[in-house]
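Below: the structure, in structure tokens.
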Amino acid sequence: MKNIDIESIKNKTNNKIGYYNFKEESIKKSQIRKGIYTTLSIVLILTISTFTVNAATNNGIVNLINKIIKVNNKNTIAEIYEVPSQEVYSKCEGKYVTTDSEKCIKYSPIKDYDGNESTICYPLDTEFDNIEIFYDENNHFSGFHITGTSNGEYFDDYLNDSN
């Protein structure tokens, strides 16, 4: 028993424990790095795909997000939607006619009333810069002011309904 070197055993044990702790720590660090890289990759892919889709739709996503409509000088979200071409019966012509695709703005003839809706429609390639809907003191529709570009030309439409 005199030949047992306790210091050597302590050193070897400490070295094994230290190596085991080092290995565990490096495994945890690599797992954290993997998680961070995966998350960043997903965010990057989503961001790039959003820009790509936005570019493919001629800034449609950004324009839809940023489209503000003013109602009596208060900002609200614009309800702009596309109407596909369709066949409708024309009383004037006495036959069915095909309408063009349009981009329409939906509003209520009576402020804050959801019972019925009216629309203002423009050609499909229209990009709106400003949309304002006006209501009188009785909360009835009294006009609009809409600006933007359509067919490559700037337009400024204004209606003041004095009825």
Side-chain angles (χ1 to χ4, degrees), residues 24-163:
E24 285 287 318
E25 189 176 318
S26 67
I27 289 171
K28 286 181 183 178
K29 283 183 182 179
S30 70
Q31 287 175 341
I32 289 172
R33 248 187 250 118
K34 269 186 184 177
I36 290 172
Y37 292 150
T38 303
T39 303
L40 287 176
S41 297
I42 290 171
V43 169
L44 183 66
I45 288 170
L46 288 175
T47 304
I48 290 172
S49 63
T50 301
F51 284 122
T52 304
V53 169
N54 188 50
T57 59
N58 196 15
N59 291 333
I61 293 174
V62 172
N63 289 342
L64 188 61
I65 292 171
N66 293 333
K67 201 46 69 189
I68 297 294
I69 185 170
K70 287 188 177 188
V71 176
N72 288 353
N73 295 321
K74 293 181 183 174
N75 291 344
T76 60
I77 301 298
E79 196 167 342
I80 299 171
Y81 62 98
E82 291 183 10
V83 177
S85 62
Q86 57 187 345
E87 274 201 14
V88 294
Y89 185 77
S90 170
K91 290 181 181 178
C92 295
E93 296 182 28
K95 63 180 180 178
Y96 283 93
V97 295
T98 303
T99 62
D100 293 333
S101 299
E102 298 175 309
K103 192 180 282 188
C104 298
I105 303 164
K106 192 181 293 186
Y107 70 95
S108 175
I110 301 173
K111 186 177 178 186
D112 300 327
Y113 179 69
D114 294 332
N116 58 359
E117 298 169 336
S118 292
T119 57
I120 304 168
C121 295
Y122 289 87
L124 192 59
D125 71 337
T126 303
E127 293 298 325
F128 299 106
D129 293 332
N130 182 42
I131 303 169
E132 293 181 86
I133 305 292
F134 304 112
Y135 293 89
D136 62 15
E137 62 277 350
N138 296 323
N139 291 330
H140 291 94
F141 174 77
S142 64
F144 62 82
H145 182 213
I146 300 172
T147 61
T149 55
S150 180
N151 296 325
E153 294 182 16
Y154 180 78
F155 68 88
D156 187 356
D157 288 346
Y158 187 81
L159 171 70
N160 187 2
D161 188 10
S162 57
N163 293 336

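- For the pair D136 (side chain) and N138 (backbone), a donor-acceptor distance under 3.5 Å is present.
- With sequence neighbours left out, E25 forms a salt bridge (Lys or Arg N to Asp or Glu O under 4.0 Å) with K29.
- Between the CZ atom of F128 and the CG atom of D157 there is a distance of 9.5 Å, given to the nearest 0.5 Å.
- When the shell of 6.0 Å around OH of Y154 is examined, it contains more than 12 heavy atoms from other residues, nucleotides or ligands.
- Distance check, rounded to the nearest 0.5 Å: CG of D156 to NE2 of H145 gives 3.5 Å.
- Note: K34 NZ to S41 OG = 13.0 Å, rounded to the nearest 0.5 Å.
- Tested against I146, the residues D129, I131, T126 include a single side chain to side chain contact (heavy atoms under 4.5 Å, CB included) partner, I131.
- Residues S150 and D125 approach most closely at OG-OD1, 3.6 Å, considering heavy atoms.
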